[in-house]
Amino acid sequence: MKTVEKTLQNLVKEALAKAFDHEAEEVHIEVPGDRTHGDYATNVALTLASVFRKNPLKIAQDIVEELPACDTVEKVEVKPPGFINFFIDKSVLLGVVKDILTKGRDYGKGEKKSGHINIEYVSANPTGSLHVGHARGAAAGDALARIMKKAGFRVTREFYVNDGGNQIEALAQSIAARYAQLFQREAEIPADGYHGKEIKEIAARIKAEHGDRFLEEDGREHFRTFGVGHLMRNMQEDLAAFRVAFDVFASESTLYEKGEVEKTLETLKNAGFTYEKDGALFLRTTLKGDEKDRVIVKSDKTYTYLLPDIAYHKNKLERGYDKLVDILGGDHHGYIPRLKAGVEMVTGKKGVLEIDILQMVRVLQNGEELKLSKRSGKAITLRDLIDAVGTDAVRYFFAQHSLNTHMDLDLDLAIRQSNENPVYYAQYAHARICSIFRKAEEKGLDFDLSFENFRTLSGEKTFDLVERLAWYPTLIQEAAQKRIFHKIPAYIHRLAQSLHSFYGAVIVLSENKRERSERLMLLEAVRIVIADALALVGVDAPEKM
RNA sequence: GUUCCGGUAGCUCAGCAGGACAGAGCAACAGCCUCCUAAGCUGUAGGUCGGGGGUUCGAAUCCCCCCCGGAACGCCA
């Protein structure tokens, strides 16, 4: 079924062509907040006023005069300063209910788009547990991936494991120190080491398995691999509990083993993008818009992190993706120009890499800021959050806020208010509908969900619901294309609100079977969309609360 | 000093490819369960959209300057 917006867009385009000989590529259709302004409206006349240098009101009138006749549109109005308001035929509007019942959870799915997108998120170093910042990235990336898939994009979700480099060495040394301490040996965690309690756990496990073996022989290799393995498993468990999944875990050390980092270095050198200075090798990232050139090989001949990162992105592209999306923390924003520059040099293509920055989450407890630091081990972990607040509430909380927002997460408040979290409002709407169906069974009220046309559905509350339902496919496309997942919770909230309001005004389980059935059809459609939308942001839709 | 984000109701945040009276949640106030779950509904109150210029018929939204807060500016990752 074609959406009403599409139909209207086409009508307006036709009218524009006839009236002004004007080709409009984009006609913006919106749902007015005020019902008296129609079911749908467009501001084309306003936007064209400056182009045509004419009174927008006049333009709107001219458009309306050339508007082709159509069964969908019942009435058209022009309102100052130049809006065109459409009143849609009620039976057409109600058609969406049937459409949803037919398609089920496929309702809102977009047409298959060409191209394959790789979206990378979390990518936490395996040197400790996932903390609150990672939680935000995880919630964002996972929601985006689900939304984009729903919208018709082909998406692969990826986690980059930084299992090479200095921080892993520091991890091994930290484990070594904890291990030695278990045998009452004097040992200190190095300055750049990690103090989290999970490091102690790792040391204890190694002791349980190998006893004092590594007091004599060098255990660093084992500490490294066991430590990384253990921490990765922990992260994956936490992510699973947070309902965040990945298709690919890509490893940095594998890139080294396969010589891809070397190869990338050669490619960059051969292309003439590098030069030596002060014993180091610089990459001319300024050629591609960076503010200064960056070292990729240090004077001690080791690499900076930029080189393997370029190699990694090159590797992603070689695996066949057409577009790469990285979701990075705000502390990496300065890193964007040089990474993009490197990727451009190595691929010769501009714009294949897009980076979304998520701002930091400030955690407050007792009104005071908790400084997060993995090294000190004083972080609030994702696991802590899930245990204290719950996956549904945390996922919804993060999903509500745009990536750009600097968020304050007041832990006490979050825990105390977990019962009045907006997520429950939406979940309750879903549970409420389920409950009505249960009630119908209990009371032995039969119903039929297969009517093709509606005879009894009417009223403002009904059409509030219907119009919101009809908007869902458009919402999915917008959220996916602009990568703004926070539209979804906003939509969910409005839909739930309409449902609760409907519930308060209408007795669904009417004595009349036809009436009862039609209302249940409407509710089932609402239930499907709420459940689907909640799933897009990783939240469950309970049948009972 | 430079770059990136943010500054909207008491609090947390939407709205920002310019447009119809600036919205939601929480908090506040007043009502609503003999009726399908009151984790709900109905209504009220609450805002110089950080400040100042500019562009426009029209600016929370676009441009410039300034102020405040966060972050980043490394041959660390």
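Keep in mind the model is a prediction, meaning the values are calculated, not measured. Below, read A as the first sequence line, B as the second, and so on, with proteins coming before strands; counting in each chain starts at 1.
By the ring pair (Phe, Tyr, Trp, His ring centres under 6.0 Å) test, A/Phe502 is found to be paired with no residue, residues two or more places apart in sequence or in another chain being considered. In terms of the salt bridge (Lys or Arg N to Asp or Glu O under 4.0 Å) criterion, A/Asp163 has no residue partners (sequence neighbours excluded). For the salt bridge (Lys or Arg N to Asp or Glu O under 4.0 Å) test, no residue two or more places apart in sequence or in another chain qualifies with A/Glu30. Here A/Lys79 pairs with A/Glu77 under the salt bridge (Lys or Arg N to Asp or Glu O under 4.0 Å) rule; sequence neighbours left out. Every residue was checked against the salt bridge (Lys or Arg N to Asp or Glu O under 4.0 Å) condition with A/Asp448, not counting sequence neighbours, and none meets it.
Atom CD of A/Gln61 has more than 12 neighbouring heavy atoms from other residues, nucleotides or ligands inside a 6.0 Å radius. Environment of CZ in A/Arg220: sparse, with no more than 12 heavy atoms of neighbouring residues, nucleotides or ligands closer than 6.0 Å.
Within the structure, side chain to side chain donor-acceptor pair (under 3.5 Å) pairs that include any residue of residues 492-508 of chain A comprise A/Arg432-A/His500, A/Lys461-A/Ser501, A/Arg468-A/Ser498 (at least two apart or interchain).
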- Query: Reading nucleotides 2-11 of chain B 5' to 3', which nucleotides get B (base under 4.0 Å from a protein heavy atom), which S (sugar-phosphate only), which -?
  - Reply: -BSBS-----
Distances under 3.5 Å only, N/O to N/O: pair up the protein atoms with those of nucleotides 30-35 of chain B.
none

When you compare the protein's N or O atoms with those of nucleotides 18-21 of chain B, which come within less than 3.5 Å of each other, and at what distance?
{"from": "B/rG19", "atom 1": "O6", "to": "A/Leu46", "atom 2": "O", "distance (Å)": "2.6"}
{"from": "B/rA20", "atom 1": "N6", "to": "A/Asn85", "atom 2": "OD1", "distance (Å)": "3.1"}
{"from": "B/rA20", "atom 1": "N1", "to": "A/Asn85", "atom 2": "OD1", "distance (Å)": "3.0"}
{"from": "B/rA20", "atom 1": "N1", "to": "A/Asn85", "atom 2": "ND2", "distance (Å)": "3.1"}
{"from": "B/rA20", "atom 1": "N3", "to": "A/His37", "atom 2": "NE2", "distance (Å)": "3.4"}

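The same atom, C1', is picked in B/rU61 and in B/rU8; the two are 12 Å apart, to the nearest Å. Spacing of C1' atoms, B/rG51 relative to B/rU42, comes out at 40 Å, to the nearest Å. B/rG50 sits 12 Å from B/rA60 when the C1' atoms are compared, rounded to a whole Å. Between the P atoms of B/rG69 and B/rG74, the separation comes to 23 Å (whole Å).
An anti base is found at B/rC11: its glycosidic angle is more than 90° from 0.
Using a 4.0 Å cut-off between charged side-chain N and carboxylate O, A/Arg516 and A/Glu511 make no salt bridge. Between A/Lys277 and A/Asp293 no salt bridge is recorded (no basic side-chain N to carboxylate O distance below 4.0 Å).
As rounded to whole Å, 13 Å separates atom C1' of B/rG74 from atom NE2 of A/His332. Regarding A/Arg494, its CZ atom lies at a distance of 10 Å from the C1' atom of B/rG23, rounded to whole Å.
Side chain of A/Asn421 to backbone of A/Tyr424: no donor-acceptor contact under 3.5 angstrom is found.
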All N/O donor-acceptor pairs, side-chain side in residues 518-531 of chain A, below 3.5 Å, sequence neighbours left out:
{"from": "A/Glu518", "atom 1": "OE1", "to": "A/Arg455", "atom 2": "N", "distance (Å)": "3.1"}
{"from": "A/Glu518", "atom 1": "OE1", "to": "A/Thr456", "atom 2": "N", "distance (Å)": "2.7"}
{"from": "A/Glu518", "atom 1": "OE1", "to": "A/Thr456", "atom 2": "OG1", "distance (Å)": "2.7"}
{"from": "A/Glu518", "atom 1": "OE1", "to": "A/Leu457", "atom 2": "N", "distance (Å)": "3.2"}
{"from": "A/Glu518", "atom 1": "OE2", "to": "A/Arg455", "atom 2": "N", "distance (Å)": "2.8"}
{"from": "A/Glu518", "atom 1": "OE2", "to": "A/Arg514", "atom 2": "NE", "distance (Å)": "2.7"}
{"from": "A/Glu518", "atom 1": "OE2", "to": "A/Arg514", "atom 2": "NH2", "distance (Å)": "3.1"}
{"from": "A/Arg519", "atom 1": "NH1", "to": "A/Ile507", "atom 2": "O", "distance (Å)": "2.8"}
{"from": "A/Glu524", "atom 1": "OE1", "to": "A/Arg527", "atom 2": "NE", "distance (Å)": "3.0"}
{"from": "A/Glu524", "atom 1": "OE2", "to": "A/Arg527", "atom 2": "NH2", "distance (Å)": "3.0"}
{"from": "A/Arg527", "atom 1": "NH1", "to": "A/His430", "atom 2": "NE2", "distance (Å)": "3.3"}

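Between the side chain of A/Ser299 and the base of B/rC75, a donor-acceptor pair under 3.5 Å is found. Contact annotation: side chain of A/Tyr428 to base of B/rA39, donor-acceptor pair absent below 3.5 Å.
Donor-acceptor pairing under 3.5 Å is recorded for the side chains of A/Glu158 and A/Tyr312.
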- Message: Dot-bracket, 5' to 3', for RNA chain B please: Watson-Crick or G-U pairs under 3.5 Å, [ ] where pairs cross earlier ones, | where the partner sits on another strand, dots elsewhere.
- Response: ((((((((.[[[[.)...(...]]]].(((((.......))))).....[[[[[..)....]]]]])))))))....
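In this structure, A/Ala429 reaches neither bases nor backbone, as no heavy-atom distance under 4.0 Å exists between it and the strands shown.
Residues from residues 476-489 of chain A placing a heavy atom under 4.0 Å of any atom in RNA chain B, listed by number, are A/Lys482, A/His486.
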